[in-house]
Amino acid sequence: MIGVFALQGAFLEHEQMLAKLGAPYKEIRRKEHFTDGLDGLILPGGESTVQGKLLREEGLLEPVKEAIKGGLPVFGTCAGLILLAKRLSNDENVWLDALDVTVRRNAYGRQLGSFKADLPFEGVGNYPAVFIRAPYVEELGPEAHALAEWGEKIVAVRQGHMLATAFHPELTPDVRIHEYFLREFVS
Ligand code: GLN
């Protein structure tokens, strides 16, 4: 059973991906939805500051942080990467304090607000990545490993049981990155 954060952002699209892959899921909106027995967690794209505040208001921030620390597999996309990061270079917030990376928000400037790029993704192959006001990873800690780069910027990482992308695999019909998460992290 995969929990999908459904507080804000592109959670429906993640649910459609999971449905396509035949993986059961449930929406997490409040503390009481975040029960034992989850096999993984998805943090969707959206607006990280809004999501972080909602997590805090709902009393979810600490329990989720603890669960991730305890090894719950997690997959964050875009704003989800920002929520997972231990360091943000252009924002004073730190939310889940989990992934040993420094992330820059809205990192591509105005001209490149949104774009699509075909990029090689380790373990998956070439992937059509959709970026929307995306972050990138400026610095990797020793535990974190880059899975994809675009223009010399790291745009996907894994660290132990955590997977994060700066782009939105839920916004393309290509299910391979979700499949990769379920196969390599959850089972
Ligand atoms: N710009 C958003 C943020 O900083 C992330 C964008 C996204 O999730 N598509 O939170």
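Numbering of residues begins at 1 and proceeds along the displayed sequence. Just so you know, ligand 1 is whichever comes first in the structure, and atom 1 is the first atom listed for that ligand. Atom set for the values below is all heavy atoms of this structure, side chains included, hydrogens, waters and symmetry mates excluded.
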Near [X], which atoms of ligand 1 are under 4.0 Å from a heavy atom of that residue?
| X | answer |
| --- | --- |
| S48 | 3 (C), 4 (O), 10 (O) |
| R133 | 1 (N), 2 (C), 5 (C), 6 (C) |
| E47 | 10 (O) |
| G45 | 8 (O) |
| I82 | 3 (C), 4 (O), 10 (O) |

Original post:
Taking atom types as modelled and ignoring hydrogens, do the side chains of H145 and E122 form a donor-acceptor contact shorter than 3.5 angstrom?
Top reply: yes
Tell me: protein heavy atom nearest [atom], and distance?
| atom | result |
| --- | --- |
| atom 7 (C) of ligand 1 | C78 SG, 2.7 Å |
| atom 1 (N) of ligand 1 | N106 OD1, 2.6 Å |
| atom 9 (N) of ligand 1 | H168 NE2, 2.8 Å |
| atom 3 (C) of ligand 1 | R105 NH2, 3.4 Å |

Distance-only N or O hit between ligand 1 and [X], under 3.5 Å:
| X | answer |
| --- | --- |
| A79 | yes |
| A134 | no |
| T49 | no |

**OP:** State, yes or no, whether a side-chain contact exists between Y127 and I177 at a heavy-atom distance under 4.5 Å.
**Re:**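 Side-chain contact under 4.5 Å: yes.
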**OP:** Classify the angle between the aromatic ring planes of F131 and W150 as parallel (below 30°), tilted (30 to 60°) or perpendicular (above 60°).
**Re:** tilted
Original post:
Parallel under 30°, tilted from 30 to 60°, perpendicular over 60°: which one fits the rings of F115 and Y108?
Top reply: perpendicular
Original post:
Can Q51 be said to touch ligand 1, with heavy atoms closer than 4.0 Å?
Top reply: no
Subject >> Any G46 heavy atom less than 4.0 Å to ligand 1 >> reply: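 Yes, G46 has a heavy atom closer than 4.0 Å to ligand 1.
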Subject >> Check: K86 side chain, V101 main-chain N or O, donor-acceptor pair, under 3.5 Å >> reply: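 Such a contact is absent between K86 side chain and V101 backbone.
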Original post:
Can you check whether M1's main-chain N or O pairs, donor with acceptor, with D39's side chain at less than 3.5 Å?
Top reply: yes
Original post:
Does H14 have its ring centroid less than 6.0 Å away from the ring centroid of F5?
Top reply: no
Subject >> Short N-O contact, D100 and R87, less than 4.0 angstrom >> reply: yes
**OP:** Nearest 0.5 Å please: distance from the CZ atom of F167 over to the CG atom of L81.
**Re:**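 If we round to the nearest 0.5 Å, F167:CZ and L81:CG are 10.5 Å apart.
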